[in-house]
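Naming: A, B, ... by sequence-line order, numbering from 1 per chain.
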Amino acid sequence: MSTELSKNFEPGIAEEKWYSHWLNKDYFSSRPDERKPFTIVIPPPNVTGVLHMGHTLNETVQDVLIRKARMSGYNACWVPGSDHASIATEAKVVQMLEKEKGIQKQNLSREEFLKYAFEWKDKYGGIIYHQLKKLGCSVDWNRVTFTMDDHYYKAVIKVFIDLFNKGLIYRGARIINWDPQAQTALSDEEVEYRDIQGKLYYVKYMVSGESAEVTDNREDSVATHQPSSANYITIATQRPETIMGDVAVCVHPDDERYKHLIGKKVIVPLVNRAVPVIADEYVDPAFGTGALKITPAHDINDYNLGLKHHLPIIDTLNPDGTLSEAAVVFVGMDRFEARKAAIEKLRADGLLTKEEEYQTRLGFSQRTNAVVEPRISTQWFVKMRELADKALDAVTSGEVKIHPEERFLATYKYWLENVKDWCISRQLWWGQRIPAWYDEDGRFVVADTEEEAKEAFHAAFRVQDATLTQDEDVLDTWFSSWLWPMEVFNGITDPGNADIRYYYPTSVLVTGQDIIFFWVARMIMAGEEYMDEKPFEHVYFTGMVRDKQGRKMSKSLGNSPDLLDLIERFGADAVRFGILISAPAGNDLLFDDSSCDQGRNFNNKLWNALKLVKMWENAGTTEQEHRSEEFEKAAFAATWFEARLNRAKSQVEELYKDFRLSEALKTIYSLIWDDFCSWYLEWVKPPYGDKIDRYLLTCTLDFFEELMQLLHPFMPFVTEEIYHQLRPREEGDDLTIRQQGEVGGQHKKLSQLSTTEVLQRGDILQDTITSLRDSRNKHNLKPRESIKLFIQTASPAAFQSIEPLLAKQVAASEIQFVEDAVPNTITVVVGTHKFYIETEQQIDAGAQRDKLEKELEYQKGFLLSVEKKLGNERFVQNAKPEVVEAERKKKADAEGKIRAIEESLANLS
RNA sequence: GGGAGCAUAGCUCAGCUGGUUCAGAGCAUCUGCCUUACAAGCAGAGGGUCCGCGGUUCGAACCCGUGUGCUCCCA
């Protein structure tokens with residue numbers, strides 16, 4: 001006698017109980033053994049962040065895959081961890097220090113700051129791990145890795161030094177993306193471009209006096225209607241505050257309007273500096289006025305033109321975005337204030353001729369959202385070409401498979417084919433400090449320690465005991481996370497160790513499509529470089545999680561639900577269900593709380609099915625062990641469900657292979673809800689007060705177990721709970737580690753019929769039940785009002801095994817087979833079989849006729865189209881024989897149905 | 001400006017190698033049920049010019065071209 005089951009499933013209790021049980025049993029820990037490994041490394045979330053819905057989707061997908069592998073004979077290993085998120089975390093720590101302690105970063109030493117940062121990490125770094133546990137993620141907690149762990153730190157430095165020695169890392173002055181708020185360089189990938197309504201300002205540059213004499217004799221013919229005259233040229237700019245950094249004005253060499261000015265000098269407004277007018281085909285004569293001001297320090301294109309024409313560089317901005325001494329005017333003013341001031345001054349000087357609305361694109365820092373400033377700066381870079389080629393090969397050769405391929409392969413290839421060098425230095429403290437050492441003259445060596453640096457310096461420059469200082473900057477976080485699949489197994493710091501040999505390459509990487517370049521491509525590069533092998537076999541890209549209105553979920557919009565709150569409200573299984581059911585592979589998904597409702601309802605459905613089965617068990621069973629009369633009555637139900645289950649299992653296997661988890665879940669959901677609960681359980685349910693056949697109960701428990709096993713990767717808690725409720729279990733018999741195929745169901749061989757035949761018969765049974773119920777409904781028969789059913793069919797044998805089930809499902813007190821139509825009954829035609837319902841109720845012949853006539857019309861139309869096709873000689877000649885055969889069969893079927901309907905109609909009148 | 005993807009029921013999406021048992025599912029809607037597991041449920045039902053136009057084909061939601069609309073990536 002089992003304990004009373006609660007009315008509904010209570011997720012909170014089960015979650016707590018089973019997660020700690022699994023941990024106690026150490027089910028999620030993995031050590032190399034003789035089994036095949038199945039390995040996933042988690043895409044490390046930001047250590048001080050929280051999991052948002054995008055993470056929730058990713059982690060759920062990974063958990064499904066890893067649990068499925070664990071139940072399929074693999075040694076499953078899912079490595080958890082987090083990254084240090086240099087910019088974001090440093091910004092948070094700086095903010096905290098100011099707010100809570102009133103400390104400015106510049107008043108702290110590097111060591112002091114790092115102490116605070118690690119304290120911060122210890123305080124908040126656990127949140128994501130707690131969330132992973134609540135979600136049920138079966139990660140190996142013994143393998144938690146953080147990108148600032150000691151070994152990891154060493155790995156990053158080691159790789160830096162190695163790449164430098166290979167000539168793949170260099171230091172140089174380039175135009176980079178500068179974040180004035182975080183005051184650090186960014187990589188190209190960390191800049192987000194957004195469309196902005198800006199303004200285009202038209203500014204006059206006066207032609208310098210001494211070289212302004214008109215010597216060009218074509219001047220007269222063009223001057224009158226052009227935006228330049230003898231004494232000025234007009235440029236259009238979005239950024240008047242950079243005028244002070246202008247070193248030239250550039251026009252198209254063939255532009256008739258300006259040809260006469262090429263080689264002359266113009267006066268830069270505000271600072272009155274004379275600069276040359278140069279010609280270059282880069283300039284688009286149609287844009288603005290066709291004259292371009294050149295500011296090499298603050299625009300990438302200008303920078304390139306500057307290099308080409310050997311122009312000087314005047315950097316008029318400070319790192320914090322204020323104007324520098326070099327600007328001469330507005331010094332110390334913020335760049336946006338300076339813009340206003342410059343406009344004012346230009347207007348006052350009469351040099352501003354026009355303002356125009358202008359749609360443009362501006363770069364924003366992904367981390368701080370500050371407007372990024374293109375800036376000339378000396379930074380460290382990774383040469384990408386060679387690395388990119390290897391990463392490209394890995395994917396084009398099929399070594400790494402991308403899912404869904406059609407969607408992301410092109411993007412991946414395009415980026416790698418057009419890749420630019422990667423700026424990896426960041427002007428921050430939170431991260432791996434660049435192991436470069438400089439003397440006072442700026443000469444440098446790269447070395448792990450100061451001692452080694454001194455030796456190297458001696459070797460390189462013949463300087464004994466130089467005073468060296470280490471580079472102040474740290475490395476881009478992605479420069480550490482690209483080593484992730486290797487260094488979580490100490491593959492860089494301890495090459496060839498047992499773990500890395502066993503687990504690498506990993507099986508699948510699950511991540512968002514937004515970090516395909518940041519991370520995925522670079523991991524493949526690093527893997528090929530250091531292991532000479534791909535880091536993972538499959539990459540599965542999930543879509544972006546959006547809200548109901550299709551907007552990206554973001555903190556600023558406040559439209560991202562809190563994960564723990566969702567779990568609190570619906571239960572972890574329901575949340576997992578909700579996010580997965582709405583996530584077709586690779587597509588963006590619109591997430592709405594209500595999909596968790598569906599998951600919660602599903603939990604309850606399972607729970608109630610359990611209650612029903614337990615009720616039967618508690619009511620006692622028949623004595624016979626096998627094949628009692630009761631069993632024979634319902635035997636078809638078990639036969640049929642076994643076939644359904646096996647069919648569904650192989651479908652689900654296929655879907656797993658294609659990473660179509662949403663579809664797999666739908667298949668299981670429908671198998672459980674529709675096939676098992678709505679059909680099977682109703683078919684085998686004993687009449688009120690009767691005991692259930694013992695063997696039938698055994699079958700039912702077996703089926704139920706298999707269903708739980710099938711569903712377990714998706715909804716681990718409720719399934720584990722039910723698994724244990726179904727039957728008493730020995731210690732250590734848990735669903736989480738139970739191997740698929742162990743549950744007995746598929747070996748029952750309940751019938752000699754083939755799966756297809758059984759399923760076909762099931763379809764007939766279901767169609768008949770549905771049609772008869774519909775007819776009952778239409779004729780206002782009360783659900784419990786019993787009827788007498790007559791069947792007129794050419795093949796009564798087909799109904800033999802299903803007759804008792806049919807009677808039960810349509811509340812027929814008795815069933816008789818007849819040769820002719822039965823008068824004063826309701827006629828229902830299903831296929832070629834005719835059914836007559838006898839009842840006390842008044843019969844509406846009109847409604848019946850309408851329905852039959854409608855059906856007849858459809859069948860006749862159908863038959864016509866089939867006949868037309870078969871009458872087409874070219875069809876019969878060209879189509880495959882089996883297709884033609886199928887059409888012939890359709891024709892025969894349709895004719896049979898039409899005959900049956902017509903006969904019934906004749907009987908009605 | 002360059003590239004990629006998408007357009008199927010009110011909504012979110014399936015639909016493999018072209019073949020009327022292929023026009024589907026889940027939500028939502030409507031009707032009837034407090035049937036002894038479940039009203040967070042049960043039993044039924046309705047709902048679509050498969051974005052427009054052209055082409056290939058015996059045959060097109062599916063292949064090709066084109067137009068329109070949306071999304072994303074890159075400059």
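- With sequence neighbours excluded, no residue satisfies salt bridge (charged side-chain N to carboxylate O under 4.0 Å, His left out) with A/Lys7.
- Judged as a side chain to side chain contact (heavy atoms under 4.5 Å, CB included), and not counting sequence neighbours, the contacts of A/Glu885 are A/Arg888.
- Taking atom P in both B/rC42 and B/rA37, the straight-line distance is 13 Å, to the nearest Å.
- For the P atoms, the distance from B/rA7 to B/rC64 is 14 Å, rounded to whole Å.
- By the ring pair (Phe, Tyr, Trp, His ring centres under 6.0 Å) test, A/Tyr669 is found to be paired with A/Phe577, A/Phe602, A/Trp673, residues two or more places apart in sequence or in another chain being considered.
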| said: What does the B/S/- profile of nucleotides 38-47 of chain B look like, 5' to 3', with a 4.0 Å heavy-atom cutoff to protein? | reply: BSBSSBSS--
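- As rounded to whole Å, 14 Å separates atom C1' of B/rG32 from atom CD of A/Glu785.
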What protein N or O atoms touch nucleotides 25-27 of chain B N or O atoms at under 3.5 angstrom, if any, and at what distances?
from: B/rG26; atom 1: O2'; to: A/Gln598; atom 2: NE2; distance (Å): 3.1

| message | If a pair means Watson-Crick or G-U wobble with both distances below 3.5 Å, what does RNA chain B look like in dot-bracket form, with | marking bases paired to a different strand? | response | (((((((..((((.....[....)))).(((((.......))))).....(((((..]....)))))))))))).
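- With A/Leu772 as reference, A/Val810 is the one residue of A/Ile787, A/Asp767, A/Val810, A/Asn777 to meet the side chain to side chain contact (heavy atoms under 4.5 Å, CB included) rule.
- Within a 6.0 Å sphere centred on CD of A/Glu568, heavy atoms belonging to other residues, nucleotides or ligands number 12 at most.
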Could you pull out the protein-nucleic contacts involving nucleotides 72-75 of chain B (nitrogen or oxygen on both sides, under 3.5 Å)?
from: B/rA75; atom 1: N6; to: A/Arg361; atom 2: NE; distance (Å): 2.8
from: B/rA75; atom 1: N6; to: A/Arg361; atom 2: NH1; distance (Å): 3.4

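- Applying the ring pair (Phe, Tyr, Trp, His ring centres under 6.0 Å) criterion to A/Phe704, with sequence neighbours excluded, gives A/Phe676.
- Rounded to whole Å, the distance from CG on A/Leu870 to P on B/rU20 is 13 Å.
- Remark: the separation of the P atoms in B/rG10 and B/rU56 is 32 Å, to the nearest Å.
- If you measure from atom CG of A/Asp658 to atom C1' of B/rC16, you get 10 Å, rounded to the nearest angstrom.
- Listed by chain and number, the residues in a salt bridge (charged side-chain N to carboxylate O under 4.0 Å, His left out) with A/Arg761 amount to none (sequence neighbours excluded).
- Under the rule for a salt bridge (charged side-chain N to carboxylate O under 4.0 Å, His left out), A/Glu15 has no partner lying at least two apart in sequence or in another chain.
- Salt bridge annotation for A/Lys889-A/Asp893: present, with a cationic side-chain nitrogen under 4.0 angstrom from a carboxylate oxygen.
- At a cut-off of 3.5 Å, with distance as the only test, a side-chain donor of A/Ser670 or A/Asp674 sits close to an acceptor on the other residue.
- On the P atoms, B/rU29 is 46 Å away from B/rA75, given to the nearest whole Å.
- By the 30° and 60° cut-offs, the orientation of the rings of A/Phe517 relative to A/Trp415 is parallel.
- Taking the C1' atom of each, B/rA40 and B/rA28 are spaced 16 Å apart, rounded to whole Å.
- Taking atom CG on A/Leu409 and atom P on B/rA4, their separation rounds to 12 Å, with Å as the unit.
- In this structure, the CD atom of A/Gln651 is 18 Å from the P atom of B/rA14, given to the nearest Å.
- Partners of A/Lys891 according to the salt bridge (charged side-chain N to carboxylate O under 4.0 Å, His left out) rule, which considers only residues two or more places apart in sequence or in another chain, are A/Glu895.
- With both ends at atom C1', the span from B/rG54 to B/rC73 equals 31 Å, rounded to whole Å.
- Heavy atoms from other residues, nucleotides or ligands lying under 6.0 Å from CZ of A/Arg899 number 12 at most.
- Evaluation of the side chain to side chain contact (heavy atoms under 4.5 Å, CB included) rule for A/Pro374 yields A/Ile175, A/Arg239 as partners, not counting sequence neighbours.
- Between the CD atom of A/Gln725 and the P atom of B/rA37 there is a distance of 18 Å, rounded to whole Å.
- Taking the nucleotide of RNA chain B with the nearest heavy atom to each of A/Val866 and A/Ala609, the more 5' of the two is matched to A/Val866.
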